[in-house]
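One structure below.
None of these values were measured; they are calculated from a predicted model.
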Amino acid sequence: MTVARTRRDMRYLEDFHAGDRHELGRVVVTRDEIVEYARRWDPMPFHTDEAAAAAGPFGGLVASGGHTTAHVTRCYVTELVLDSDCRGSYGLDEVRYLHPVRPGDELTVHAVVDDVEDHPRRPDTGVVHLRVEAVNHEGEDVIRLRTRLLMGRRTAVAVG
């Protein structure tokens with residue numbers, strides 16, 4: 001459960017340090033949501049039809065990569081970014097689907113701060129480089145993504 005943070009508890013650039021690891025929670029992926037998501041956004045038979053999926057390359061129904069990415073994004077936004085002075089993102093620099101996500105899989109999500117740097121043109125902002133990963137209940141890595149977030153500073157920086 002996420003608790004709303006007060007303004008003084010918000011995260012700023014100064015609160016992120018290379019090597020920090022943030023546990024972001026768990027999510028169970030259900031058969032119904034796999035099919036529902038896929039019917040709308042990625043209607044490949046191995047996402048939407050159990051019989052076709054059984055004969056397909058994964059030997060059964062699997063979640064769309066986009067669906068898995070959506071779950072992971074929800075975790076890092078809700079648990080790490082929502083109550084921060086995030087001013088946007090450069091997008092995803094890397095997305096790797098490492099193992100199929102199947103109905104009933106419980107994903108445990110975490111983020112590691114790979115780097116923190118000053119913004120080259122905005123002295124009141126920096127860039128947080130995050131690596132976000134999830135493993136299933138069997139301990140198998142299922143996804144890794146990298147993103148760069150624009151993060152406001154808590155304190156002003158003198159411009160010279």
Please identify each residue that fulfils ring pair (Phe, Tyr, Trp, His ring centres under 6.0 Å) with F58, with sequence neighbours left out.
F46
Value for OG1 (T78) from CG (L24), rounded to nearest 0.5 Å, stands at 9.5 Å
What one should report as the nearest heavy-atom pair of L107 and A134 is CB-CB, 4.4 Å
Would you compute the distance between atom CD1 of I143 and atom OG1 of T73 and round it to the nearest 0.5 angstrom?
7.0 Å
Does a side-chain heavy-atom distance below 4.5 Å link R154 with D15?
yes
Backbone N/O of Y12 and side chain of S84: donor-acceptor pair under 3.5 Å
no
Verify the cluster assignment for M151 and V116: are they in a single hydrophobic cluster under the rule of side-chain heavy atoms below 4.5 Å apart?
yes
Each residue besides W41 in its hydrophobic cluster should be listed here, by chain and number; the cluster joins Ile, Leu, Val, Met, Phe, Trp and Tyr at side-chain heavy-atom distances under 4.5 Å.
Y37
Do you know which two heavy atoms are closest between G126 and L13, and how far apart they sit?
CA-CD2, 3.5 Å
Identify whether V27 and V81 are in the same connected component of the hydrophobic contact network (ILVMFWY, side-chain heavy atoms under 4.5 Å).
yes
How long is the gap from CE on M10 to CG on D83, to the nearest 0.5 Å?
7.0 Å
Just wondering, more than 12 heavy atoms not from R40 lying within 6.0 Å of its CZ?
no
Check: D124 and R87 side chains under 4.5 Å, non-hydrogen atoms:
yes
Which heavy atom of P43 sits nearest to which heavy atom of T48, and what is that distance?
CA-CG2, 3.9 Å
Side chains of V142 and L98: closer than 4.5 Å at any heavy-atom pair?
no
With sequence neighbours excluded, tell me which residues meet salt bridge (charged side-chain N to carboxylate O under 4.0 Å, His left out) with R146.
E94, D114
Between L145 and Y76, is any pair of side-chain heavy atoms under 4.5 Å apart?
yes
About how many Å separate CG of D115 and NE2 of H17, when rounded to the nearest 0.5 Å?
12.5 Å
Which atom pair, heavy atoms only, marks the closest approach of V62 to I34?
O-CG2, 3.5 Å
In Å, rounded to the nearest 0.5 Å, how long is the span from CG of L130 to NE2 of H22?
7.5 Å
Check for me, please, whether L149 and L82 land in the same ILVMFWY cluster - side-chain distances under 4.5 Å, paths through other members count.
no
Before accepting this row, confirm whether a basic side-chain N of the pair D93/R131 lies closer than 4.0 Å to the acidic partner's carboxylate O.
no
hydrophobic_cluster_shared for V29 and Y97, side chain cutoff 4.5 Å
yes
Between the main-chain N or O of L80 and the side-chain N or O of R11, is there a donor-acceptor pair closer than 3.5 Å?
yes
For the pair E14 (side chain) and T155 (backbone), establish whether a donor and an acceptor sit closer than 3.5 Å, ignoring hydrogens and angles.
yes
How far apart are the closest heavy atoms of V28 and G104, and which atoms are they?
CG1-O, 4.1 Å
Any sub-3.5 Å donor-acceptor pair from T147's side-chain atoms to G91's backbone N or O?
yes
Members other than Y90 in its cluster, when Ile, Leu, Val, Met, Phe, Trp, Tyr link by side-chain heavy atoms under 4.5 Å?
V127, L150
Inter- and intrachain pairs under salt bridge (Lys or Arg N to Asp or Glu O under 4.0 Å), touching residues 43-68, at least two apart
R31-E50
To the nearest 0.5 angstrom, please state how far the CZ atom of R153 sits from the CZ atom of R122.
12.5 Å
Would you say E79 and V109 make side-chain contact, with heavy atoms under 4.5 Å?
no
I want to check something: taking the side chain as every heavy atom from C-beta on, are L92 and T69 in contact at a cut-off of under 4.5 Å?
yes
Residue pairs passing the ring pair (Phe, Tyr, Trp, His ring centres under 6.0 Å) test where at least one lies in residues 112-152, sequence neighbours excluded:
none
